[in-house]
Amino acid sequence: MSMSLDEDAVTYGANDGLGILNSLPGLVWTTDEAGTLRYVNTRFIDFTGLMNDQGESWQLASFLHPDDQLVTVRAQKDAQQGGVQLVAARFRRRDGQFILLNLSVSPMNGPGGDVCWLAIDRLETIDNPISNADRDFRNFLDSLSLQALLLTPTLELDFANHAAWRWYSSSGVPQDRRANFNLGKLEEIAFQLQAGQNRNEPAVVSYQALSADGTLRWLEAHVTPIREQNGELAGYCVLQTDVQDSRDSSHLLGHEMEILEMVARGAPSASVLQRLCDVVADLVPDLVCGFLELSLDRKLFRMGAASSLAGEFREIFDGKSVISDKNPCSTAALTKRTVEIATMAECDQHDTLMGEMMLANALHYCKAIPILSPYGNTAGILIILRHQQADFRPREQQIVDRAKHIAAISIDRTRHEEALLKRETQVERSQAQLVAAQRISSTGSFTSDIQRDENIWSEEFYRIFDLDPELKPSIDAVRERVHPEDLELFDFEMKRGFAGEDADFVFRIIRTDETLRFIRGLARITHYIGDHPVFMGTVQDITETRRAEDALRRGEEALAKAREELAYVSRVMTISALTTSIAHEVSQPLSGILANASACVRLLALDPPNIASATDTARRTIRDTMRATEVIKRLRAMFNRQSPAMETIDLNEIAREVIALSARDMREKLIVLEARLAPELPPITGDRIQLQQVILNMVLNGIEAMAETEERPRRLLVRTALASEDMITLSISDAGVGIAPDAPEKMFEPFFTTKRNGMGIGLSISRSIVENHGGRMWAMSNDGPGATVAFSLPSIEEKCV
Ligand code: ADP
């Protein structure tokens, strides 16, 4: 039984439309735009238990599961706009149960914009044999957007509706349907059809066929055997749908998911790109697809992956400079635009290697598509090569676009990871360096909010204080280690820190093994949290430094003592060298005294005694005695080991004294002494004897330097001068052997000597004496022959005024 729900409904052909609907497999019904049922077939009535109430209109919605309403409304709309739709929905059976059915929704080409619904999962054997199918039935099939074929029992095409014909042939409705029809692939499903015939059941089969645009596309067909009244096979009714697009998109979607998962799992971009290449090549067979990546500095190409010809790509691009004007990939990378080569002539203008490769592989079309990072920089290139000289079809374009998109994500992620890894390695390395540096320098670091007693300590901090690394950092934990005598200091410094003051102090700690360590604590405020100062600082174990400093101090003391001893020895030696001269200096007044005293005696013995002359000679005796006493006093002072006695000194005066002491020696050695002593020289503070010692050493060196001088006057020039407002200098220049270029400094080194009997300590002691007086001492060659040795000392003009 079939029924018409609406008396005004369109009928198909001359015959009763219901008969036609009944001849179709499965549940069939039509609806108008509003979803009102217009025609239903007997199977529909049987399934749903719909009662034929006159004049009542039924909504398709009332048979659908509430959750499936939306999908079906959408399917209806899509069918009206874009052709056949396949959709699954739950349908209410007469017993109230919802059964999931696969629906094929097809717009009807007749007036009114109705939609024909076919529940294809309910396909049943068509009772009406095909021979009974009249013209109306074929007209009806023609009006469907669903592709319908009628086949003979031997699988020959008997009928194809307009929709099927449009799909198979691009040249419109053919004269000879059979001739232009490509049914090759149907042969392959013969076995399944035979199986269907045997079991008297409909079959759902998928297969590829060559479509009007020349591409192989996937079709899904519901094939129902048609039987004569007597049960004999009359043929097949094939209702087929082009499922290529939905298959592609579900394939693409599936692959996309899988590849994105790879990216998410952190797979290396090379394997992600390889998978992408394979998928693209699988979905678009006539195509070679390759990816090039750009190095981080974007200067070089790196081979990414390729669906085939990977070796060729590698040879042309891997490690090659991006900057090349002839290469399509370079151009694409630099201009960030897609570069297309559609003819061989164009190809010749480009890179020869690339051209040769295309020629050798019969590839006639090339596209280099830049893959851009989210910041708009070129991250890689997608190369597409194909045998046909043609741009992409929309479906291929979609696939290529998706591939490019995923590649961008993958390359970007890999680059990020590379950069991150680099940064992480750098951080790890500097952390390791820091730990090592802290260890080597015995310096721990910390941050501390003293007020809240919130602290972070470095590894070395724990080690220095000999604390358990698991211990929660606290000021008390450190305090427990502090030496009892330093607790007061420690608490005081903590209190200052609490009040927000920086700290720098040394304290002692006692470690668990009872060893004593000196710690220098340094803390500076780095920032505030609220009004709490946060300190960053270091603790350094300075015990070893302390010890070394102590040792150094002790060493320096010993050195100073040794130097003093040496100075003494040197003084003795210098003076012994002067013995002759001194003997003369002393013996001269002595013989004066003797002569004068004898004269005095003689004069007094005269009668009358010559008192006036005797008085004169007695005065001369006294003068000479005083001279001798003075000489002896000086000698005593020089021989005496006295600690430095600081006094105010006139440098000119002590220079004169030294000159006086060595005058005879100089005369004997034919030395002409010239003293140019600056008048009104400000005084200095110093040890008279020590400074005389320095000058005497300089004079003796000058004399010795001229010992061999024959060809020129042996001139010794002693000068004093005011070098600046508060410095005075004394220099002694000779015309002697002079000094070697490297000697001016060496001369001052202890034990440097060029003399056979020299000790080489005079100048080194002299310099340390001068430096102890706050001055400096140096030597230089003269412009002419000889050398000048000089020192400068601070004057005390202000104090004297
Ligand atoms: P010594 O006189 O025992 O060698 P000094 O320390 O006084 O020790 O002098 C070190 C050296 O400096 C001398 O041996 C000599 O080579 C050099 N020297 C010092 N004064 C002069 C000078 N006026 N001219 C040339 N060389 C000098």
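Numbering of ligands and ligand atoms starts at 1, following listing order. Just so you know, residue 1 is the first one in the sequence shown, and it goes up from there.
- In terms of protein heavy atoms, atom 18 (N) of ligand 1 is closest to Met747 CE, 3.8 Å.
- At under 3.5 Å, not a single nitrogen or oxygen of Ala705, backbone or side chain, sits near a nitrogen or oxygen of ligand 1.
- Scanning the protein for heavy atoms near atom 7 (O) of ligand 1, the closest one is Asn701 ND2, 3.0 Å.
- Atoms of ligand 1 found under 4.0 Å from any heavy atom of Thr754, numbered from 1 in the order shown, are 13 (C), 14 (O), 15 (C), 16 (O).
- In Ile739, the part holding a heavy atom less than 4.0 Å from any atom of ligand 1 is the side chain.
- Of the polar atoms of Leu763, at least one N or O is found under 3.5 Å from an N or O of ligand 1, judged by distance alone.
- Distances between N or O atoms of Glu704 and those of ligand 1 include no value under 3.5 Å.
- At a heavy-atom distance under 4.0 Å, only side-chain atoms of Asp734, from C-beta outward, approach ligand 1.
- Against a heavy-atom cut-off of under 4.0 Å, Thr753 is close to the following atoms of ligand 1: 1 (P), 4 (O), 14 (O).
- Within the 4.0 Å heavy-atom criterion, the part of Asn697 lying near ligand 1 is the side chain and not the backbone.
- Using a 4.0 angstrom heavy-atom cutoff, Gly738 counts as in contact with ligand 1.
- Protein heavy atom nearest atom 1 (P) of ligand 1, with residue, atom name and distance: Gly760 N, 3.6 Å.
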